[in-house]
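One structure below.
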Amino acid sequence: MTVDKWISENKELVNTMYKPLHHFSAPIGWINDPNGFVYYKGEYHLFYQFHPYSAKWGPMHWGHAKSKDLLNWEHLPVALEPNQPYDEGGCFSGTALVQEDQLILMYTGVSEEDGKSRQIQCIAVSTDGITFEKSPHNPVIDERHVKNTTDFRDPKIFRKNEKYYSLVASTKDGIGNVLLFESDDLVSWVFKSTFLTAEPHQGKIWECPDLFELDGKDVLIVSPIAFTSEGARYTNVNSSVYFVGKVDWDTYKFIPESYEEIDSGLDFYAPQTLKDDRNRRILIAWQQMWGRNIPTDDLGHHWAGSMIIPRELRLVDGKLIQTIVSEYNEALTLASSQNVDRLYRGQLEPFVQLETTEPFSIEIGADEDYLQFDYDGESLMIDRTNLQQSIQGEEEQSDKRSKCYSSENLIVKIYVDKACCEIIVNDEVTFSTTFYLESVDAEIKVKGKDLKIDVYNKKI
Ligand code: DQQ
């Protein structure tokens, strides 16, 4: 049976209690990283790491969907399956490039050799954006180019000065780096440079690199494993980090000026970006985290994992500014607007905006089952301690994340879609987090002084 037939015959098994409406999730099964996020022939295409056959990670396929508005997604046939000797262990993460009418995917083929993982880089091409042909020249980057293919993955393909380039995550002596390769024809590739190497505390491998220009700077995004915590920052097992700097195209090196964590929440990983026809730089990420239990799997709901609502990026004074794409806000309508002192309690709608100058505390859920978000004047904190469905992991602290932040005026945007939650403060600090309430009829309770609260529901 083909994988697509299996999906269509089994997707009714899915329990949709926690399945989000406006965050992307698969028809059935497990998803992780977004892959090949691209704007092609007037539509947004999203590929993703996919194991349709269970709600756990397994041999990776590339699932595929497209959208006209980044909110409503149409599921398409699985784009890549692990069916070649060089990728029988999985088609791992990668990216896409549009070349005239072609959609080119570059991904990591995984197999096992002498008991070790062999990770090599491969190409697949489509002219209709639906069916993909793996290149007969695969693998195109392998042991001919590097000594170590055990941790060598997640190619970011791009075009510059009439040539193809690919940035690939690698590691040396337990320290992450990103390697750059060049090609004229997608078939024969040469090693160009070690584009950037981590400092020893910055992680042992930098997964899922992305590179783009934004507001006059070059931005390199990586997803490091085991980035050493700095106070409350970089506390997840896997972090997502952006480096701002400049590429020196004479030496093929990235010269970093600054770096910072992209999101401060509990569930955010492996982000990828695209540029669309309106020149917007849009980011999407997996809204989950490695190494923890996932309630939809524990409960036998036959699915696990979703993506964040896509965010538009800007760079101001070297800092990443993130706003939910305008398409989402356009689908909302103002339901109530009020000034409140001390306590606000109301039904939770998909979007609540809070404006205040004072510390506050927010509870989302029910009296004994809630997600908490606090501001004490010096830092912002998200807390899952008071949820009945516990989510625990390998890390020291699986319940709380915080970020030092203070401002004279706070605009707090809260987007909730069943178990998916994003909180964005002054478009500068973002918290992406999942929370699984026993009952999805949630209330929102805000304690604080001098609050202006706007509540929005969906237009349709
Ligand atoms: N997930 C993929 C890898 C990547 C990791 C495997 C990051 O390609 O490095 O599913 O989450």
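Indexing begins at 1, ligand by ligand and atom by atom, following the structure's order.
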Exercise. Thr108 near ligand 1, heavy-atom distance under 4.0 Å?
Worked result: no
Exercise. Are any of the heavy atoms in Trp286 under 4.0 Å away from ligand 1?
Worked result: no
For this session: Provide the number and element of each atom of ligand 1 under 4.0 Å from a heavy atom of Met60.
Result: 10 (O)
For this session: Under 4.0 Å from a heavy atom of Tyr269: give me the atoms of ligand 1 that qualify, with their elements.
Result: 7 (C), 11 (O)
Exercise. Do we see a donor-acceptor contact under 3.5 Å between the side chains of Asp4 and Trp6?
Worked result: no
For this session: Name all residues meeting the ring pair (Phe, Tyr, Trp, His ring centres under 6.0 Å) criterion together with Tyr86; count only those two or more places apart in sequence or in a different chain, and write none if there are none.
Result: none
Exercise. Which of these, Asp151, Asn35, Asp33, Asn32, has its nearest heavy atom closest to atom 5 (C) of ligand 1?
Worked result: Asp33
Exercise. How about Lys253: does its NZ atom have over 12 heavy atoms from other parts shown lying under 6.0 Å from it?
Worked result: yes
Seminar exercise, completed: For atom 10 (O) of ligand 1, the closest protein heavy atom turns out to be Gln49 OE1, 2.7 Å
Problem set entry | Ligand-residue contact atoms, ligand 1 with Ser93, heavy atoms, under 4.0 Å | 2 (C), 8 (O)
Exercise. When you measure from atom 8 (O) of ligand 1 to every protein heavy atom, which one gives the shortest distance, and what is it?
Worked result: Asp154 OD1, 2.5 Å
For this session: Decide side chain to side chain contact (heavy atoms under 4.5 Å, CB included) for Thr150 and Gln119; before the verdict, give the C-alpha distance in whole Å, the side-chain angles of both, and the deciding distance to 0.1 Å.
Result: CA-CA 6 Å; Thr150 305; Gln119 305 183 356; 6.0 Å; no
Exercise. Which residues pass the side-chain contact (heavy atoms from CB on, under 4.5 Å) test with Asp184, sequence neighbours left out?
Worked result: Lys163
Exercise. If we ignore angles and hydrogens, is there a donor and acceptor under 3.5 Å between the side chains of Thr323 and Arg314?
Worked result: no
